[in-house]
Colleague: 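First the structure, then my questions, so here it is.
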There are 2 protein chains.
Amino acid sequence: MPVPAELPPVGAAFLLTQLGTHAAMKFAERVSALDLTPPQVGVLRMIAGQPGLSQQNLAERLGMLPSKVVAFVDELEGRSLVTRTRSTRDRRVYELTLTEEGTELMAEIRSVAAEHEADFCRALTPDEHAQLRALLTRVAESHDLTPGVHPGYRIIR
Amino acid sequence: MPVPAELPPVGAAFLLTQLGTHAAMKFAERVSALDLTPPQVGVLRMIAGQPGLSQQNLAERLGMLPSKVVAFVDELEGRSLVTRTRSTRDRRVYELTLTEEGTELMAEIRSVAAEHEADFCRALTPDEHAQLRALLTRVAESHDLTPGVHPGYRIIR
DNA sequence: TATTGTTATACTCTATAACTATA
DNA sequence: TATAGTTATAGAGTATAACAATA
């Protein structure tokens, strides 16, 4: 029986890929308790941060296809979390805003995200946690990542 | 026009998700120069580390569906990177090994992975790079992640 | 009867592009 | 003519379960 060869040492980039996927899966589990998926959370967060933006704007900022935005907004509007309001300036565009219910849900999302953060980094001391955040922020900046936007929404060609 | 509300502070867990996806995309770009996808690299790495393992074993270790393994091995065998050998002990199983060509390709993969690692962490000093790796390793261990196995291969139910 | 590898099928997901209404 | 939003469709990808060979 052949002896297993040694696997190459694991680098930071691979650990990031592995942990990032794991973190995304755990976050998906948590927000599923609110009957939401991570992309829906992304949409709600963007509308919360830029109230009144159009579906085109939303698509562009999240790197989503406009046709996909329609489906998301349909769903969220049907659940009374988001409203479409015809713009008075240009009647082709809808201005998106959170309803009161949507705003309340955003508060719950923030609470869930805080729990997720604390649990995910539970192995670290507060100091180490801050160090990690600082190092990751530097790396993210060096790669020009848009703060708060998951690159998975992006259109890959 | 409404003033944009402030976005909540970005935590380490979200940075990990964001950076992890970005790292995976960059790695995919790099290995595409070798005409490989990241899951194919995962399969090759596993066979390199455990020569002679069966397709069932491979599926189990990578968390892949056995029917998917068939397609991967078909492709890699067709490219003369991997060989299927009937086990003499149990003629139902195939023993998977890398060909000489496959072994050479693995060396190139390791070289590409090293470049990827260096480029991805280029914003950090060697000390910081080591710190980051140490912190990520601790977090990964605290979540019982299998070293070297991407959780994206896993079956989600 | 159980297990390995394989194949076929049904299902989901998603990108593309056609369509409407407004400009 | 160009753009915002919508819808329909075709293509890719994938999980499930049926199947053949061997145990």
Colleague: For B:Tyr94, which residues count as a ring pair (Phe, Tyr, Trp, His ring centres under 6.0 Å) partner, sequence neighbours excluded?
Modeller: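 Not a single residue meets the ring pair (Phe, Tyr, Trp, His ring centres under 6.0 Å) criterion with B:Tyr94.
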Colleague: Taking only residues two or more places apart in sequence or in another chain, which ones pass side-chain contact (heavy atoms from CB on, under 4.5 Å) with B:Gln56?
Modeller: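 side-chain contact (heavy atoms from CB on, under 4.5 Å) list for B:Gln56, sorted by chain: B:Ser54, B:Pro66.
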Colleague: Any pair with a residue in residues 23-77 of chain B that passes ring-ring contact (aromatic ring centres under 6.0 Å, His included), sequence neighbours left out, goes on the list, sorted by first then second residue, please.
Modeller: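 Qualifying pairs, neighbours excluded: B:Phe27-B:His116.
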Colleague: Write down the protein N/O and nucleotide N/O pairs, taken from nucleotides 6-13 of chain D, whose separation is under 3.5 Å; answer none if there are no such pairs.
Modeller:
residue : atom : partner : partner atom : Å
D:dT6   : OP1  : A:Arg84 : NE           : 3.4
D:dT6   : OP1  : A:Arg84 : NH2          : 3.4
D:dT6   : OP2  : A:Gln55 : OE1          : 3.2
D:dT6   : OP2  : A:Gln55 : NE2          : 2.8
D:dT6   : OP2  : A:Arg84 : NH2          : 3.0

Colleague: Would you mind listing every salt bridge (Lys or Arg N to Asp or Glu O under 4.0 Å) that reaches into residues 57-68 of chain B, with sequence neighbours excluded?
Modeller: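 Listed by first then second residue: nothing to list.
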Colleague: Would you list the pairs meeting side chain to side chain donor-acceptor pair (under 3.5 Å) in which at least one residue belongs to residues 10-23 of chain A, sequence neighbours left out?
Modeller: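 Found A:Thr21-B:His150.
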Colleague: Any N/O pairs under 3.5 Å between the protein and nucleotides 20-23 of chain D? List them or say none.
Modeller:
residue : atom : partner : partner atom : Å
D:dA23  : OP1  : B:Arg91 : N            : 2.8

Colleague: Under the side-chain contact (heavy atoms from CB on, under 4.5 Å) test, which residues partner A:Ser67, sequence neighbours left out?
Modeller: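 Result, side-chain contact (heavy atoms from CB on, under 4.5 Å) vs A:Ser67: A:Leu65.
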Colleague: A:Thr83: which residues meet the side-chain contact (heavy atoms from CB on, under 4.5 Å) condition with it, sequence neighbours left out?
Modeller: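 Checked A:Thr83 against side-chain contact (heavy atoms from CB on, under 4.5 Å); matches are A:Thr85, A:Thr97, A:Thr99.
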Colleague: Once side chain to side chain donor-acceptor pair (under 3.5 Å) is applied, what residue pairs with a partner in residues 126-141 of chain B remain, sequence neighbours excluded?
Modeller: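 Output for this query lists A:Glu128-B:Arg138, A:Arg138-B:Glu128, B:Glu117-B:His129, B:Thr125-B:Glu128.
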Colleague: Tell me the bend of the helix from C:dT1-D:dA23 to C:dA23-D:dT1 as the angle between end helix axes, each from five pairs, rounded to the nearest 10 degrees.
Modeller: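 The helix from C:dT1-D:dA23 to C:dA23-D:dT1 shows an end-to-end axis angle of 20°.
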Colleague: Could I get the full list of side-chain contact (heavy atoms from CB on, under 4.5 Å) partners for A:Ser80, not counting sequence neighbours?
Modeller: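 Per chain and number, A:Ser80 pairs via side-chain contact (heavy atoms from CB on, under 4.5 Å) with A:Glu101.
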